[in-house]
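Numbering of ligands and ligand atoms starts at 1, following listing order. Every value quoted in this text rests on a predicted model; they were computed, and no experiment measured them.
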Amino acid sequence: MFNPLHNDLTTTINSVLEDRTQLIEIIKNPASPEAKAVLNLANQVRLMMVGNDVHLRGLIEISNYCRNNCLYCGIRRDNSSLTRYRMTVAEIVATAQTGAGLGFKTIVLQSGEDPFYSAKMLAEAIEEITALGLVVTLSLGERHPNDYELWYQAGARRYLMRHETANPVLYQKLHPGQSLEHRIQLLKILKEIGYQVGSGFMVGLPQQTPEDLISDLELLKELDADMVGIGPFIPHPKTPLGVNSQGDLALTLLMVALARLTLPEALIPATTALGSIHPQGRELALQAGANVVMPNLTPVKYRSDYELYPNKICTNESATHCHGCITTKIYQLGRTVATDFGHNQKWLRRQNHA
Ligand code: 5AD
Ligand code: FES
């Protein structure tokens with residue numbers, strides 16, 4: 001098996017991940033020296049496995065309509081206090097073109113679960129964006145597997161859909177009418193179709209336990225996730241969870257680090273949610289195992305309406321501003337901005353052997 005990690009590093013990783021009692025202690029004390037050691041280890045593993053490059057993905061939030069009613073989410077169906085918008089295919093492609101001009105190699109199309117878009121409409125957008133020489137990542141939630149298939153044929157190569165929490169009971173409470181089992185099934189189908197698959201979870205959800213967070217890591221491993229998004233839960237005042245407390249910065253960073261140890265080759269973003277709870281949240285994540293940043297490309301007129309959680313950073317900044325801002329931050333950390341497509345290396349090896 002391909003493994004550039006030194007044996008002693010592999011032994012250290014295993015000693016962290018396999019001692020459950022110790023792992024629970026570390027999760028309960030995310031500011032302890034032991035937890036700090038895990039962040040350092042993850043930073044080393046990141047450097048050895050995926051190098052110094054940070055991959056930029058241009059995020060286009062194409063629609064804030066959502067048929068679901070997730071208890072934590074600001075664009076949930078029952079939130080009537082925001083203006084709903086939908087970008088046309090032409091608008092989406094033009095925005096992707098702006099991204100290409102800024103140097104992005106990947107465009108992420110994200111939305112609430114919006115059945116307005118037929119599979120064909122989005123396939124058209126995917127084909128046009130792919131024709132610009134860009135990689136398309138989709139983050140459109142649960143759809144029929146036939147849609148996933150059509151979009152893969154149209155050129156999309158990555159799909160992001162977090163499992164949100166690996167505790168099935170908590171999942172059910174947070175997602176009325178949905179099930180963890182179905183989500184996992186769809187993630188497996190996406191992988192079978194050939195996508196690089198991204199999952200992930202929120203940290204600090206009401207009633208979430210350290211054991212749940214360990215289950216989150218175990219599920220990522222079982223899925224063999226190519227990409228892993230982890231962010232703190234941020235209470236949105238216009239949702240049923242609005243009065244709950246926010247996820248902890250140190251604990252979220254620790255979970256990013258543990259995700260790096262669990263899946264050494266994964267693409268792991270320093271999430272916008274982390275940047276939104278702390279001015280250096282994304283930089284800290286980049287030094288705790290993360291190697292991706294997803295600057296916002298959504299036309300500014302729509303941005304404030306894609307409010308998954310309050311105080312989201314970059315809501316009033318232009319795409320050009322954010323691209324420059326994040327590039328500077330990356331170089332200040334002694335890192336480099338990737339110039340390649342930034343595919344998951346393990347996925348590329350799978351493609352070559354297929
Ligand atoms: N706080 C933090 N993250 C949130 N998301 C949605 N709502 C919130 C919130 N209130 C995350 C979910 C989703 C991703 C796009 O945004 O994990 O998968
Ligand atoms: Fe948007 Fe810094 S990345 S302002």
* Validation row, ring centre F116 to ring centre Y65 under 6.0 Å -> no
* Ionic contact status for R350 with D226, cut-off 4.0 Å -> yes
* Which residue supplies the protein heavy atom nearest to atom 7 (N) of ligand 1, what is that atom called, and how far is it? -> Y72 CD1, 3.3 Å
* Asked: Could a heavy atom of S139 be found less than 4.0 Å from some atom of ligand 1?
  -> no
* Distance from atom 3 (N) of ligand 1 to nearest protein heavy atom, with residue and atom -> M202 SD, 3.4 Å
* Which residue supplies the protein heavy atom nearest to atom 1 (N) of ligand 1, what is that atom called, and how far is it? -> I234 N, 2.9 Å
* **Heavy-atom gap E164 to ligand 1 smaller than 4.0 Å** => yes
* Could you tell me whether Y309 and ligand 1 have an N or O pair separated by under 3.5 Å? => no
* What do we get for H236 next to ligand 1 when only non-hydrogen atoms under 4.0 Å count, side chain, backbone, both or neither? -> neither
* Quick one: give me the number of protein N/O/S atoms under 2.8 Å from atom 2 (Fe) of ligand 2. => 1
* **atom 16 (O) of ligand 1: nearest protein contact (heavy atom, Å)** => L308 CD1, 3.5 Å
* Residues K191, E222: salt bridge by 4.0 Å N-O rule -> no
* R157 charged N/C atom sitting above Y152 aromatic ring, 6.0 Å / 45° -> yes
* Structure fact -> Looking only at heavy atoms, the pair that brings N344 and E265 closest together is ND2-O, 3.5 Å
* Asked: Which protein non-hydrogen atom lies closest to atom 2 (C) of ligand 1, naming both residue and atom, and how far is it?
  -> P232 O, 3.1 Å
* **ligand 1 contacted by Q110 (non-hydrogen, < 4.0 Å)** => yes
Counting only pairs under 3.5 Å, give me each side-chain donor-acceptor contact of residues 199-207, with atom names and distances, residues two or more places apart or in other chains.
from, atom 1, to, atom 2, distance (Å)
S199, OG, M161, O, 3.4
S199, OG, H163, N, 3.0
S199, OG, H163, ND1, 3.0
Q207, OE1, K173, NZ, 2.8

* Which is it for M294 and ligand 2 at heavy atoms under 4.0 Å: side chain, backbone, both or neither? -> neither
* Structure fact -> Taken in chain and number order and not counting sequence neighbours, the residues that satisfy side-chain contact (heavy atoms from CB on, under 4.5 Å) with E127 are A154
* Quick one: do the N14 and T11 side chains pair a donor with an acceptor below 3.5 Å? -> no
* Do the side-chain N and O atoms of R349 and N352 include a donor-acceptor pair separated by under 3.5 angstrom? -> no
* To do: Look at the aromatic rings of Y148 and Y159 and report parallel, tilted or perpendicular, splitting at 30° and 60°.
  => perpendicular
* Give a yes-or-no answer on whether the side chains of T298 and N296 include a donor-acceptor pair shorter than 3.5 Å. => yes
* Please state whether H323 comes within less than 4.0 angstrom of ligand 2, counting heavy atoms only. => no
* Whichever hydrophobic residues join L160 through chains of side-chain contacts under 4.5 Å -> L59, V108, M227, L267, V292, M294
* Got the closest protein heavy atom to atom 14 (C) of ligand 1, with its distance? -> R162 NH1, 4.1 Å
